[in-house]
Chemist: 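Take a look at the following structure, please.
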Amino acid sequence: VDESGSGDIERLALRKRIITGCTGGYAAGSFTLLLVLACWPPAWINRPLSVDTPVTPLFIGTLLLILSYFLVVTAYAAAMTRYVDPLEKRINDGSTQ
Amino acid sequence: MSVVAAPLSHSLGGLFFIAFLGLTIGMTLIAARRSRGRSAFYTAGGIPAWQNGLAIAGDYISAAAFLGAPALVYLAGYDSLYLALGSSVGWLLMLVFVADRLRNLGRFTFVDVLSYRLEAPAVRVLGAIATLVIVILYMMVQLVGAGKLIETGFGVPYPLAVGLIAGLMIIYVSVGGMLGITWIQAVKAVLMTICTVVLTVLVLRQFNYDAAALFKRAGMLHPLKGASFASTGLAQGPWNSLSLGLATGFSLLGMPHILMRFFTVRDARAARTSAVYAAGLLILFSVLLTFVGYGAVALLPGNEAFFDSNHQVRGGANMVSLHLSALLGGDVFLGFASAVVFATIVAAMAGLMIAGTSAVAHDLLGSRGDTTAARRLTVIGLAIVAFLLALAFRDQNLLFLVALTNTVAVSVNAPLLILVMYWGGLTSRGALWGGGVGLASSLLLVTLGPMVWVAVLGHAEPISPMGYPALITALFAIFTAILVSRFDQSQRASADRAAFPAQLSRSLSGVGISTETVH
């Protein structure tokens, strides 16, 4: 596959696999877990925090999870810019020369 | 203060509405001067990532989101939240697994990616059919919504309203092409964001910016009381809820009009960046709409103008966002919000129509048949089909169509796209069988389920208990594709498998697309 023999494409594949694996794994895993918890909720997670505070741990957890995706998107973009883009550029520059 | 009976006929509402129409037609004409030829029509010739990100967000944030998400909070409380979470996750998955590989492999549509190493004619026909099912049904839902909005807003007869909007779509798409639509969608995304942020601030201001106070009052006034913050089983039982949640998240990966947007940027990096912009905006949007929904629960009760004699929300629960706009922002903000809703419908329909056009003119007719005349005829044909369906289904509950489009997207396009990009064992025969089973089972199970068999056809009991069968149909499609591919010993299968390493290399690095970057 890597005809140049530099190993750049293998390195690129590995880096992409690690970054996308971590990000995608977090997104898909946390979402599936939350869905399971929402569909078969344990009593403690579905109960209001107190008489004065109607929100449940499930509700707060869901909002926090949505917000955490902001951070994940940012971290993913930063990681790709740092570890993938330069390598991708080098491979593309090499192929066009 | 006016109620939402006739928001657009109010002078300021009408002014916003006409201003949006003028702006979009102007943008379409400017775009027409810059767009020449097939590439420009489909891909806008390489637009900046930030513009594309806004346009993607504009494509995805439909009126159903702005009106429907707060309505679901109003009706069902917490259960609407995992749908919001689903769309946020869908964007993350799109960003991570699809955006850059798609850009590196395709040219105009996601069907290009499917046929990169699989047998072209058969796979292209399957992808085009799935695209057309999704596009036509979605367009019909949007057209019915827009027709009713214009009918109630301006007092224009429904058929005329629907006809006018369909005509507007023909102008937007056939004259402005992808560039014009991109600008319209970007403007709409900005307007929608402004509208939602302002509405959220207006809600929180009522509680001195104390979210806990808002939730406490919502908990007291919601029909479910404290349970409005707990999971109660929105979609008729846990399996249905799980299926609906998964469909909301994963269907995004199979939406042809969204996937098509990744071909409008120059390279994979720009595709990723635009997905980052879109994901950020949509996640923000999901959170804000939660506050708007609970704001409606906390603030609307006690205002008789928004309720009918049966104590039901006037115009249905979907109107709570607009009622809240009227309550907190007066007629001016109500007019603005109504115009934004219309803009949203128009922009979403334009995106759908160009995706449908690409399915017919590019995927089915191929490069020889994909002429300007063919594209224009397709646009007109699609508009006529959507118009006729919108007339026929005017008074139907169209919820099942949304479920059907999501189910088809998650059972045909999404699994095939992921499998073809990530699994070298997928063969043409496997893809055809998997996609065919996904499509057939989606149509069958939605028809036999409660939303069509009971709600539309009037039977007492559904044959299939699941209203949202995506969990089953997607698994059917994936296992069929894998099984058929595994046992496929044909010559073509060997060629399909042998082509995977080269495809993988290109999808990772983008080597080879440089000559096609400008399309």
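Throughout, a chain's letter reflects where its sequence line sits, starting with A, and its residues are numbered from 1.
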Chemist: Assess the side chains of A/Thr56 and B/Tyr78: does a donor N or O sit below 3.5 Å from an acceptor N or O?
Modeler: no

Chemist: I want to check something: taking the side chain as every heavy atom from C-beta on, are A/Lys16 and B/Asp100 in contact at a cut-off of under 4.5 Å?
Modeler: yes

Chemist: Between CZ of B/Phe215 and CG of A/Leu63, what distance do you get to the nearest 0.5 Å?
Modeler: 6.0 Å

Chemist: For each of B/Thr290, B/Val89, B/Leu85, B/Leu92, tally heavy-atom pairs with chain A at distances under 4.5 Å, and name the one with the top tally.
Modeler: B/Leu85

Chemist: Show the nearest heavy-atom pair for residues B/Leu508 and A/Ala13, with the distance to one decimal.
Modeler: CD1-CB, 3.4 Å

Chemist: I need the B/Ile283 CD1 to A/Leu65 CG distance, nearest 0.5 Å.
Modeler: 10.0 Å

Chemist: At a 4.5 Å cut-off on heavy atoms, which part of B/Tyr294 comes close to chain A: side chain, backbone, both, or neither?
Modeler: side chain

Chemist: From A/Glu88 CD over to B/Arg269 CZ, what is the distance, rounded to the nearest 0.5 angstrom?
Modeler: 9.0 Å

Chemist: Go through the structure and list residues passing side chain to side chain contact (heavy atoms under 4.5 Å, CB included) with B/Ala49, not counting sequence neighbours.
Modeler: B/Ala270, B/Thr273, B/Ser274

Chemist: Between B/Ala279 and chain A, which part of the residue has a heavy atom less than 4.5 Å away: side chain, backbone, both or neither?
Modeler: side chain

Chemist: Taking everything shown except B/Tyr277 itself, do over 12 heavy atoms lie less than 6.0 Å from its OH?
Modeler: no

Chemist: How close do A/Tyr69 and B/Ser88 get, heavy atom to heavy atom, and via which atoms?
Modeler: CD1-CB, 4.0 Å

Chemist: Identify which part of B/Ser243 has an atom lying under 4.5 Å from any heavy atom of chain A, answering side chain, backbone, both or neither.
Modeler: neither

Chemist: Run the side-chain contact (heavy atoms from CB on, under 4.5 Å) test on B/Leu284 and A/Phe70 for me, step by step, so that the C-alpha distance in whole Å, both residues' side-chain angles and the decisive distance to 0.1 Å come before the verdict.
Modeler: CA-CA 8 Å; B/Leu284 172 74; A/Phe70 259 130; 3.6 Å; yes

Chemist: Quick one: what part of A/Leu58 sits under 4.5 Å from any heavy atom of chain B, side chain, backbone, both or neither?
Modeler: both

Chemist: Does any backbone or side-chain atom of B/Leu93 lie under 4.5 Å from a heavy atom of chain A? Answer side chain, backbone, both or neither.
Modeler: side chain

Chemist: Would the number of heavy atoms belonging to other residues, nucleotides or ligands and lying under 6.0 Å from CH2 of A/Trp40 be above 12?
Modeler: yes

Chemist: Just how far is it from atom CZ of A/Phe31 to atom CG of B/Leu246, taken to the nearest 0.5 Å?
Modeler: 6.0 Å

Chemist: So, using side chain to side chain contact (heavy atoms under 4.5 Å, CB included) as the criterion, who are the partners of B/Val96 when residues are at least two apart?
Modeler: A/Thr20, A/Thr23, A/Tyr76

Chemist: Enter the distance from A/Leu35:CG to B/Ser231:OG here, rounded to the nearest 0.5 Å.
Modeler: 9.5 Å

